[in-house]
Each structure stands twice: as C-alpha cells, then as structure tokens.
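The structure under discussion appears below in the form of structure tokens.
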Number of protein chains: 2
Amino acid sequence: MPSRKETARPMRLGSLAGDVGYALKRAQAVVSADFSASLATLGLRASQFSALVLIDQNPGASQTRVSLALGVEKANFVATIADLERRALVVRSRSVEDARTYRLELTAQGVDLLSRARELQVAHESRLTDSLGAGRHRQLVELLELLSTVA
Amino acid sequence: MPSRKETARPMRLGSLAGDVGYALKRAQAVVSADFSASLATLGLRASQFSALVLIDQNPGASQTRVSLALGVEKANFVATIADLERRALVVRSRSVEDARTYRLELTAQGVDLLSRARELQVAHESRLTDSLGAGRHRQLVELLELLSTVA
DNA sequence: TATTGTTATACTCTATAACTATA
DNA sequence: TATAGTTATAGAGTATAACAATA
C-alpha cells in the first residue's frame, strides 16, 4: 500500500470514518507490512510462518486440518507445504491409519528457522505495544478475537 | 475463507494466539465477507464503494488524490474508475487549472446507488454492533484508527 | 525536471471445480 | 458414498517500471 502522506488538503472520509471494515483493512495493511518485511529477512511469508507455528504446535496433523485451522482452502495450501518441504523445513509422511493423509512435522531446520522467526514476531509485537501502549494492545487483540468468534 | 468449523480436536494456535497481525487478518476476513456479500447485491465491490464515498465527499478531486487517500496505487485505481465511469456512476472532466488531471464527480445515478449502498453499510455495521455490543464496537474502531496512525 | 493518468507486467491471495487414491 | 491431496483456472488486490501529455 502506498504511504498515506497527509497533504495540505486532507480528504473528507465521510461514512468511511468510524467504519469497522475500512479501519480493519487500513490497520491490517500497516501491521502486515511491518511483519512481512521482518519475516522477509528469513525468506518467509506470513502465511508460511503461521503454517510452521501450527505444525510445530500440532505435530502429525494433516494438511487439511492445518489449512482449515488457518482459514485457508486446502487447494491453496498445497503450494505452501510443497515449498516448505522443498526447503527441508517440513516433512510429510503418509499416515498408517489413513493412507490418504499426510502427517506433517517440522525438521530440525524447521524448528531452528521457526525459533528465529518467533524472535522477529516478538520484536514486531513489541513495536506495536510501544506505539499503542500495552493496555490498548491487549485490548485490541481481545476485541479482534471476540469479533472473529461472534460475527 | 473457508469457515472455521470447530472440530472435535481443536488445533493449538501457539504464538498465533494473542498476535495482533493474525487476529487482524481473521477479523478482516469475517467482516469483509459480510459486507462484500451485501454490496454484491448492488454489483459493487468494497473498493468501488469506498471510491464512491470519497468522490461524493470530495467532488472535483483528482484520481491520484482519491487513490492516495484510499491507500491504493494510482495505477491500480485506473480500472476502478474506468468501470464506475462505464456504468455512468462517475464522470471525469479535464481540469481547467491543470490539464493533466481529471475532476471526479458522481452522476445522479452514482448518488442514488451510493445512498442505497450506504443503507447496506448501516445494516452491516448494525450486525457488528449487535454481535459485539455498541461500546466494544466503538472501542474497536478507535483502537484500529489509532493503530493506523501511530504504527 | 516533476507529476497525472495510463499500460504492461508480475506476484500474492482467494475461490471453485474436477480429478486420483483411498476410506 | 465420502474424504485427502492435487491440479487447473480465474478473479481480486497489490507493487513496480515506463510512457505521453502537461506542468
């Protein structure tokens, strides 16, 4: 997104001001730009990072289970996993109970890269906490998670 | 986004829980799905709706000024305006002060469609207020707008 | 020299249908 | 029949470079 330089004549936003959807999109753009730039130093995208976290936390889970938990279509998750496997960060092994599914696990390299990515995540969240204040930071996450579950 | 059906075995989210970026992305998906489906009944996308609002609020503004205010590259805004003009919702006229720029304005049809879209927007926000509570709804918007400006 | 609107291009994310192999 | 993974495809959104017309 291009940076919104506040020019001499600011634009009237009309009903966009106070709109949750519009505010969400703008905030999401700002936050993801910061985190994505940070993760890029490890050659990771945000979607790959979240996949690594879920596989780490749920070793042996199938592709479909992970993709559903991430809110990603299983069809669109194939390329993500293929890339992580090609880079030897994730291993897939056929399940013995159900030969249709793969069991996903991190390799030692995957664990290592994830721990470095987590440091970047912590630093990223710290920047947000510094900008927003710890109380408002926590409050914002609570409201967002509440919105995702009730709406 | 596929709906997150809470299965028998929920996945552990690890460091994704409490993460602002992840919470933002999930909430944004939920909210934009509802609003986009609503706007689709008028043949509008959210990006077109926001363009109509800004042109209505700032008649005579140029494409670049509107696109910058929306956080959209001017190159990517060309097709949006072209479609709105093709549908006779927006008119472009060369500026007399600066022949490089267009003055953007809504047509009577554009004003009419925008007013119907605004009703959908109000209904959409009402659904969110019902789900979240009026206080939390207002609080969320404040935090998001704060985040966009300070981060 | 700089800016506006434009074209071209490419990459990401997302959504859907259809196939295979297994169940 | 139903599900897991896969392929193919198409639509959005986004980012950058380069151009003609105008400033």
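Order of the sequence lines sets the chain letters (A, B, ...), proteins ahead of strands, with each chain counted from 1.
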So, is [X] near the phosphate of [N], with a side-chain N or O under 4.0 Å from OP1 or OP2?
{"X": "A:Arg92", "N": "D:dG5", "answer": "no"}
{"X": "B:Thr64", "N": "C:dT3", "answer": "no"}
{"X": "B:Lys74", "N": "D:dT16", "answer": "no"}
{"X": "B:Arg100", "N": "D:dC19", "answer": "no"}
{"X": "B:Ser47", "N": "D:dG13", "answer": "yes"}

Remember a base hit wins even if backbone is also touched, and classify [X] as base, sugar-phosphate or nothing at under 4.0 Å, heavy atoms.
{"X": "B:Asn76", "result": "base"}
{"X": "A:Tyr102", "result": "sugar-phosphate"}
{"X": "A:Glu73", "result": "base"}

Grab the CZ-C1' distance between A:Phe77 and D:dA4 for me, whole Å please.
13 Å
Could you give the CG-to-C1' distance, from A:Asp98 to C:dT20, as a whole number of Å?
14 Å
Run A:Arg86 and A:Asp83 through salt bridge (Lys or Arg N to Asp or Glu O under 4.0 Å) and show every step you take.
CA-CA 5 Å; A:Arg86 186 184 55 74; A:Asp83 186 57; 2.5 Å; yes
Answer yes or no: is there a donor N or O on one side and an acceptor on the other, between the side chain of A:Ser62 and the main chain of A:Tyr102, under 3.5 Å?
no
